[in-house]
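Below you'll find the structure, written out as structure tokens, and then a few comments.
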Amino acid sequence: MLDMEWIRNKPDEVKAGLSRRGIEAPIDRLLALDAERRKLLTEVENLKAERNQTSKAIGKMKQAEEREQKIEAMRQLGERIDGIDAQVRDIEQALNDLAVEIPNLPDPSVPDGPDESANVLVRTVGEPKQFDFEPQPHWDLGPALGILDFERGVRITGSRFYVLKGAGARLQRALISWMLDLHIRQGYMEMYTPFIVRGQTVFAAGQLPKFRENLYKDHEEDLWMVPTAEVPLTGLHMDEILDGETLPRRYAAYTPCFRREKMSAGRDVRGIKRGHQFDKVEMYTYSTPEDSSQLLEQMLEHAEEICRQLGFNYRVLELCAGDLSFSARKTYDIEVWAPGCEEWLEVSSLSNCGDFQARRANARYRPEKGARPRHMHTLNGSGLALPRTMIAVLENYQQPDGSVIVPEVLHPWMGGIEVIQPEEQV
RNA sequence: GGAGGGAUGGCCGAGUGGACGAAGGCGGCGGUCUUGAAAACCGCUGUGGGGCAACCCACCGGGGGUUCGAAUCCCUCUCCCUCCGCCA
């Protein structure tokens with residue numbers, strides 16, 4: 001949610017920012033409603049002041065005649081007040097309906113561009129791994145090793161679901177544990193959150209009301225399955241006022257993520273790259289407005305550390321204005337090279353959302369004792385998305401015989417498995 | 001799922017429809033006293049909105065209603081607690 005006061009004072013800047021995203025928001029309509037709202041508010045508040053004052057006096061009146069006369073006058077005044085109040089409510093509803101659909105403004109440092117083709121390559125780290133044989137894609141490797149089962153996933157649930165088996169399931173769990181432990185060393189507090197949340201929480205993160213069709217929802221209750229840990233972590237401090245000295249606060253959480261992705265049916269159908277359910281370890285930071293830019297760079301570094309320790313060849317992209325997601329004002333993506341399916345896989349997306357989500361969540365902090373509360377800034381970033389990390393591990397560490405070497409950093413969690421060999425009896 | 005009880009300011013805890021934005025206590029901040037500290041005493045101590053100065057409006061879990069006037073009465077929803085049932 002954008003700051004109404006800012007829209008009122010700098011409408012041209014707001015329009016310019018939104019047009020960089022390729023969006024023409026109804027700012028003028030918003031301003032007209034806002035002016036009307038304030039006009040009516042001033043009017044009705046004056047009437048209420050009069051009513052309050054007279055009602056107080058009525059309580060002390062002795063003469064029945066004067067008393068009755070005033071009561072009648074106030075009854076009529078009350079009707080006028082009710083009428084104007086109803087108008088104000090309608091206007092506020094209309095105002096809100098418009099405001100909640102307007103995306104965040106891009107940070108001034110974000111490059112121009114209409115879509116992903118204009119994203120800027122920040123750096124590439126490492127070289128594509130060289131093989132003296134033809135590297136296989138994971139959708140061949142995994143089933144051959146008996147650690148990845150598409151047929152049974154489809155049988156249980158439907159298309160785009162799969163089962164990880166044996167060392168495959170264990171490898172994913174090892175990645176989760178290792179990444180969480182690394183994030184703890186990087187200064188994050190590990191969190192375990194609910195995986196289904198109320199609509200208000202989804203709204204706070206920005207996925208509602210606009211992206212309803214991408215979410216799974218309980219059929220009779222207002223409960224939604226999380227599309228990312230970003231959602232419960234944004235909800236964590238809803239309606240709170242935190243002590244400024246406790247910022248920044250860094251949280252890391254493992255959650256499954258559920259996405260209907262109706263829009264993307266037909267894309268990336270092969271393999272485990274894009275499913276309706278996937279696991280992710282997420283980093284999240286609450287910060288002051290002053291620190292958030294620098295903290296985004298830090299979180300990027302923290303995610304890159306994972307890629308480096310896994311020995312990946314990866315690249316960092318900065319998203320252009322037209323490719324930013326709804327709540328973000330600046331975003332970096334990290335992509336790793338998968339030699340089997342021969343593509344760059346987005347394993348992480350790190351965003352500074354500024355005060356956009358905090359405003360929707362009413363999450364504030366007090367800079368110092370006695371000072372007025374301000375909205376915090378929120379930042380989120382994957383560290384990392386599991387299926388794509390699994391793809392990169394399998395495809396980069398494969399050997400000519402189809403076995404896969406387990407990266408050394410994961411050994412403590414693999415129970416002695418250093419090479420994944422074909423499983424028996426699966 | 002069934003029965004009952006509750007929800008008040010940072011916390012605890014009062015509150016007969018008009019004197020309550022709300023007693024009292026705790027905590028916090030400032031001051032007096034003191035060489036310093038403690039104690040004692042005095043004062044201040046919520047959020048949002050409109051004007052953006054004085055001031056005004058709203059908020060006592062959420063929403064709706066009764067009334068000239070609601071923390072206080074009515075309806076409804078949510079959440080919490082206790083007991084029973086069921087379960088991991």
Side-chain angles (χ1 to χ4, degrees), chain A residues 1-10 30-100 192-204 208 217-224 232 235-247 249 256 355-356 358-376:
Chain A
M1 195 100 86
L2 299 181
D3 181 5
M4 192 60 223
E5 202 175 311
W6 200 43
I7 297 177
R8 196 185 295 151
N9 295 333
K10 311 258 176 145
L30 216 55
L31 288 170
L33 285 168
D34 178 59
E36 179 68 7
R37 171 181 171 269
R38 285 186 296 154
K39 194 193 111 200
L40 290 172
L41 211 50
T42 306
E43 188 184 341
V44 77
E45 285 187 353
N46 286 335
L47 296 180
K48 282 181 181 174
E50 187 188 337
R51 180 176 67 180
N52 287 348
Q53 212 177 335
T54 307
S55 289
K56 211 168 268 189
I58 287 173
K60 292 173 182 155
M61 281 180 186
K62 298 287 196 252
Q63 299 173 358
E65 188 183 330
E66 186 189 6
R67 196 184 152 90
E68 288 310 312
Q69 195 183 330
K70 286 293 183 191
I71 287 177
E72 175 57 20
M74 287 308 103
R75 204 183 55 73
Q76 287 177 19
L77 184 60
E79 282 171 17
R80 274 182 71 195
I81 288 173
D82 286 347
I84 301 172
D85 265 344
Q87 283 184 62
V88 171
R89 263 201 306 278
D90 288 348
I91 288 172
E92 286 181 343
Q93 182 65 54
L95 210 46
N96 190 57
D97 288 349
L98 291 177
V100 298
Y192 172 85
T193 70
F195 301 156
I196 56 178
V197 298
R198 64 173 89 232
Q200 184 62 40
T201 307
V202 188
F203 170 82
L208 280 178
K217 182 189 181 302
D218 180 89
H219 74 287
E220 53 185 11
E221 292 196 73
D222 175 36
L223 291 175
W224 305 70
L236 202 63
H237 294 304
M238 274 195 291
D239 296 320
E240 287 190 50
I241 301 175
L242 301 182
D243 182 345
E245 288 181 9
T246 66
L247 298 177
R249 293 197 187 199
D355 63 6
F356 188 83
R359 186 166 269 113
R360 293 167 89 97
N362 189 31
R364 293 171 295 168
Y365 76 103
R366 205 181 295 279
E368 48 200 66
K369 285 176 211 140
R372 288 176 64 82
R374 301 173 71 191
H375 289 102
M376 292 183 270

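Labels below follow one simple rule: chain letters A, B, ... track the order of the sequence lines, proteins then strands, and each chain is numbered from 1.
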Quiz item: Pick the nucleotide of RNA chain B nearest each of A:Arg198 and A:Gly59; which residue has the one closer to the 5' end?
Solution: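 Here A:Gly59 is the residue nearer the 5' end.
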Exercise. Find the runs of at least 3 consecutive base pairs, i with j, i+1 with j-1 and so on, that include RNA chain B, using Watson-Crick or G-U wobble geometry with both distances under 3.5 Å.
Key: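 Result, WC/G-U stems under 3.5 Å: B:1-7 with B:78-84, B:10-12 with B:24-26, B:27-32 with B:40-45, B:46-50 with B:55-59, B:61-65 with B:73-77.
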Atom-to-atom span, [atom1] of [X] to [atom2] of [N] - whole angstrom:
X        : N      : atom1 : atom2 : result
A:Glu79  : B:rU67 : CD    : P     : 10 Å
A:Arg67  : B:rU67 : CZ    : P     : 16 Å
A:Ile71  : B:rG18 : CD1   : P     : 15 Å
A:Asp239 : B:rU78 : CG    : C1'   : 14 Å
A:Gln69  : B:rG69 : CD    : C1'   : 18 Å
A:Glu240 : B:rG10 : CD    : P     : 12 Å

Quiz prompt | Base versus backbone protein contacts along nucleotides 45-63 of chain B [heavy-atom cut-off under 4.0 Å; B, S, -] | solution = --SSBSS----BBS-----
Is a salt bridge present between [X] and [Y], judged by a nitrogen-to-oxygen distance below 4.0 Å?
X       : Y       : value
A:Glu66 : A:Lys70 : no
A:Asp85 : A:Arg89 : no
A:Lys10 : A:Asp3  : no

[atom1] atom, [N] versus [M]: distance in rounded Å?
N      : M      : atom1 : value
B:rG10 : B:rG46 : P     : 9 Å
B:rG18 : B:rU76 : C1'   : 27 Å
B:rA71 : B:rC57 : P     : 13 Å
B:rC44 : B:rA23 : P     : 12 Å
B:rU34 : B:rU45 : P     : 28 Å
B:rA88 : B:rG4  : C1'   : 28 Å
B:rC12 : B:rC81 : P     : 14 Å
B:rU67 : B:rC83 : P     : 43 Å

Quiz prompt | Short side-chain donor-acceptor distance under 3.5 Å, A:Glu65 and A:Gln69 | solution =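 On atom types as modelled, these side chains do not qualify, holding no pair under 3.5 Å.
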Quiz item: Which pair of heavy atoms, one from A:Val202 and one from A:Val197, lies closest together, and at what distance?
Solution: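 Here A:Val202 and A:Val197 meet closest at CG2-CG2, 3.6 Å.
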Quiz item: What are the two closest heavy atoms between A:Arg372 and A:Pro367, and how far apart are they?
Solution: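 Closest approach of A:Arg372 to A:Pro367: O-CD, 3.3 Å.
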Only pairs under 3.5 Å count here: list side-chain donor-acceptor contacts from residues 49-59 of chain A, not counting sequence neighbours, and write none if there are none.
unit_1, atom_1, unit_2, atom_2, d
A:Thr54, OG1, A:Glu50, O, 2.9
A:Ser55, OG, A:Arg51, O, 3.0

Quiz item: Would you say A:Asn96's side chain and A:Glu92's backbone share a donor-acceptor pair under 3.5 angstrom?
Solution: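 Flag not set: sc A:Asn96 to bb A:Glu92 has no pair under 3.5 Å.
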Quiz item: Is there a donor-acceptor contact under 3.5 Å from the side chain of A:Arg360 to the main chain of A:Val100?
Solution: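 Answer holds: yes.
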Exercise. Please step through side chain to side chain contact (heavy atoms under 4.5 Å, CB included) for the pair A:Met1 and A:His375, ending with a clear verdict.
Key: CA-CA 12 Å; A:Met1 195 100 86; A:His375 289 102; over 6 Å; no
